[in-house]
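These numbers come from a predicted model, not from an experiment. Throughout, protein chains are lettered first and strands after them, A, B, ... in sequence-line order, and every chain is numbered starting at 1.
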Amino acid sequence: MANNTSVRVRFAPSPTGYLHIGGARTALFNWLYARHTGGQFILRIEDTDAARNTQEAVDVILNGLRWLGLDWDEGPASHDATGPSKGTHGPYFQSQRSDIYRRRVQELKDKGFAYEQDGAVKFRMQREPIVIPDLVVGDVRRELTDREQEDPDFVIIRSDGQPVFHFVNVVDDLEMGITHVIRGEDHLTNTAKHIALFQAFGVEPPQYAHIPLILNPDGTKMSKRDTGASLATYQGGYFAPEAVVNYLCLLGWSPKDNREVMPVREVVERFDLPQILRHNARFDMTKLQWLNHEYLRTLPAERYDAVTAGFLKRSSIDASGFDTAYISAALATFRDKAKQLSEDPGVARFYFSDAIAYDPEAVKKDFVPDNKPRLGKLRDAFAQVEPFKADALQAALTKTAGELGVKAGVLVHPTRLACTGRTVGPSLYHLLEVLGKERVLQRIDAALAQIK
RNA sequence: GACCCUAUCGUCUAGCGGUUAGGACACCGCCCUUUCACGGCGGCGGCACGGGUUCGAGUCCCGUUAGGGUCGCCA
């Protein structure tokens, strides 16, 4: 950070068709560090494995990063490997950098660091232990494993001519002027190879910061199939990207002052490498949901509407016949009840369908003969309310209850059941206001017809 | 098998030689309340184990155990 040179960090995913939550967190930490230091965040697509690379797979990565709000200063400008890009260190797709790799292999051969064997090219690895200076873990002295003792050299170009990860990764970091490599701890021991490669090129290696991994709740490695492992899980509705970003910041990094709900702007200010934790963290969906609810409650109206649009789609509620103001007002009544929405998306259906399915248990309790005249009287009172606003509706209900000599709750419950079919939901008076007089009276009439 | 990293409530974490070991999520009570939720108050619950060093160890050292990672013509 106190360097003269500007920080250049990168996220270098392989297009596999999905974006792992751990990968998203790695991208986030790199982005945070770049933004904190005023440096550059570079996106590089490691698509050397041509067989499984598709534009759709690239889209998943680009869209995932955009959804999270992680903008890159250099990198692809489209999902097309041969398409336009931002930045002067391109191409940013490895599949387009063959000439560079060819040149660099020749350089190693010329220097005596590489040789051919069985049609492949191998790197002459040193046998002495290599010290990996890591900004998170400290100095790590890496010795050869017994397996490596037998043959410390490793392949950098496959016999089919394709360069391997260790090689292209180093060459690209070198060519792109990367100053800090922030990546998962699963790369820590392999970093010895990378340092040896940098040294062979006669270049000072970048600084390394290996961040802990994200594990399943049971402590096992989180892989593709595990719950919550794919970022796509959060993009489909329910989750505000702000909440996901906030949660990810807190996995493996701590502001050290017990703060938890922190807008990313503030994290950018305070984020730094020394505060990164050294131990792996388990993924806790419950806590993410809590954070999500915190955000849903306080998000600006526009953002709230955007996120809740996902709720509707996900719960297959058809709101096409309703104008945006109505939809917005309806969902706003769930602002501080996001938990209901995420646990049971159907709770919002009554706003968009007149086919009310009454909760059978509640019917037994609330649609009883005694309540018929009461509900009828309330209906008449509501019919007089103009304008049809929450405050006035509450006053009308309270007044009616008084005249009837019953507590407000006696009227509240049957009314809620009549209008929503449920026993839980938003504030009664506010939901009535949104529904509007016509729908409310019609629904109460329908309920009255049900009661014997 | 070898090499590397890690170890505080169930989970995420604060702690950087002297603390009644703090906070958050979850859970359980009570309060608030037209439901649910929010909020408030309280409760449950932790320094993996064994040796050192020290007047004193969650904090430092060593070992054990456990978890994770790596050793590929995958990335």
Side-chain angles (χ1 to χ4, degrees), chain A residues 12-16 23 46-49 51-52 94 117-122 129 132 134 136-138 140-152 154-166 168-169 184-193 210 212-213 215 217-221 247 250-261 277-291 293-294 297 334-341 343-344 347 362 394 397-398 401 407-417 420 422-429 431:
Chain A
S14 181
T16 58
E46 305 218 334
D47 58 345
T48 53
D49 188 355
R52 62 182 178 189
Q94 289 186 332
Q117 185 181 83
D118 300 326
V121 179
K122 296 181 77 174
I132 303 163
D134 189 281
V136 173
V137 184
V140 175
R141 182 186 158 91
R142 168 76 215 281
E143 296 192 46
L144 295 180
T145 66
D146 56 356
R147 171 72 184 72
E148 290 166 333
Q149 296 278 5
E150 294 172 22
D151 178 15
F154 57 93
V155 170
I156 54 175
I157 304 291
R158 297 196 285 250
S159 53
D160 66 0
Q162 285 299 309
V164 306
F165 165 74
H166 299 301
V168 293
N169 195 263
E185 192 203 277
D186 49 340
H187 289 290
L188 180 56
T189 52
N190 278 153
T191 302
K193 291 186 171 110
H210 287 91
L213 271 21
L215 272 25
D218 66 359
T220 56
K221 185 180 184 180
Y247 180 69
L250 262 23
L251 270 192
W253 175 82
S254 168
K256 307 289 187 189
D257 64 357
N258 286 338
R259 288 286 310 286
E260 303 218 84
V261 182
L277 282 305
R278 297 139 306 264
H279 57 272
N280 296 341
R282 301 182 189 207
F283 189 83
D284 186 354
M285 182 66 89
T286 304
K287 186 146 187 177
L288 202 204
Q289 277 171 338
W290 166 74
L291 254 181
H293 300 152
E294 292 293 309
R297 191 172 301 126
F334 282 100
R335 264 271 189 188
D336 59 355
K337 296 165 199 303
K339 195 171 183 178
Q340 291 178 7
L341 235 29
E343 286 173 354
D344 180 6
V347 292
Q394 177 162 20
L397 185 140
T398 305
K407 294 205 288 188
V410 174
L411 295 179
V412 165
H413 298 295
T415 306
R416 175 183 296 283
L417 185 61
T420 73
R422 291 169 176 264
T423 58
V424 303
S427 157
L428 179 67
Y429 309 112
L431 77 84

Grab the two heavy atoms, one from A:Glu46 and one from A:Ser14, that are nearest each other, plus how far apart they are.
-> O-OG, 3.3 Å
B/S/- along nucleotides 62-69 of chain B (protein heavy atoms under 4.0 Å) is -----SBB
A:Val155, nearest nucleotide to its side chain (from B:rU13, B:rC73, B:rA75) = B:rC73
Between B:rA14 atom C1' and A:Glu260 atom CD, what is the distance in whole Å?
-> 11 Å
Among B:rA26, B:rA75, B:rU6, which is the nearest nucleotide to the side chain of A:Ser14?
-> B:rA75
Report yes if a side-chain nitrogen or oxygen of A:Arg142 is closer than 4.0 Å to either non-bridging phosphate oxygen (OP1 or OP2) of B:rC71; otherwise report no.
-> no
Nearest-nucleotide wise, let me know which of A:Asn258 and A:His166 is further upstream toward the 5' end of RNA chain B.
-> A:Asn258
Search all heavy atoms of A:Pro217 against all heavy atoms of A:Phe283 and return the closest pair with its distance.
-> CG-O, 3.4 Å
Sub-4.5 Å side-chain heavy-atom contact between A:His293 and A:Lys339 = yes
Do A:Lys193 and A:Phe154 meet the cation-pi criteria used here (NZ or CZ under 6.0 Å from the six-membered ring centre, within 45° of the axis)?
-> yes
What distance, rounded to whole Å, do you find between the two P atoms, one in B:rG69 and one in B:rG10?
-> 23 Å
In whole angstrom, give me the gap between the P atoms of B:rA21 and B:rC28.
-> 28 Å
If the P atom of B:rA14 is compared with that of B:rU8, how far apart are they to the nearest Å?
-> 10 Å
B/S/- along nucleotides 28-41 of chain B (protein heavy atoms under 4.0 Å) is ------BBBBS---
Think A:Thr286 has a side-chain N or O under 4.0 angstrom from the OP1 or OP2 of B:rA26?
-> no
Under a 4.0 Å N-O cut-off, is there an ion pair linking A:Arg278 with A:Glu185?
-> no
For atom P, what is the distance between B:rC16 and B:rU59, given to the nearest Å?
-> 13 Å
Do the side-chain N and O atoms of A:Thr191 and A:His210 include a donor-acceptor pair separated by under 3.5 angstrom?
-> yes
Can you name the side-chain contact (heavy atoms from CB on, under 4.5 Å) partners of A:Thr398, sequence neighbours left out?
-> A:Gln394
Mind checking the C1' distance from B:rC31 to B:rG22? Whole angstroms is fine.
-> 25 Å
Length of the CG-P vector between A:Asp146 and B:rC3, whole Å | 8 Å
Side-chain touch A:His413/A:Thr423, heavy atoms, less than 4.5 angstrom | no
Taking atom C1' of B:rU6 as reference, at what distance in whole Å does atom NE2 of A:His210 sit?
-> 15 Å
Taking for A:Lys122 and for A:His279 the nucleotide of RNA chain B with the nearest heavy atom, the one nearer the 5' end belongs to A:His279
Distance between C1' atoms of B:rG46 and B:rC9 (Å, rounded) | 4 Å
Side-chain N,O (A:Lys287) to OP1/OP2 (B:rC12) below 4.0 Å | no
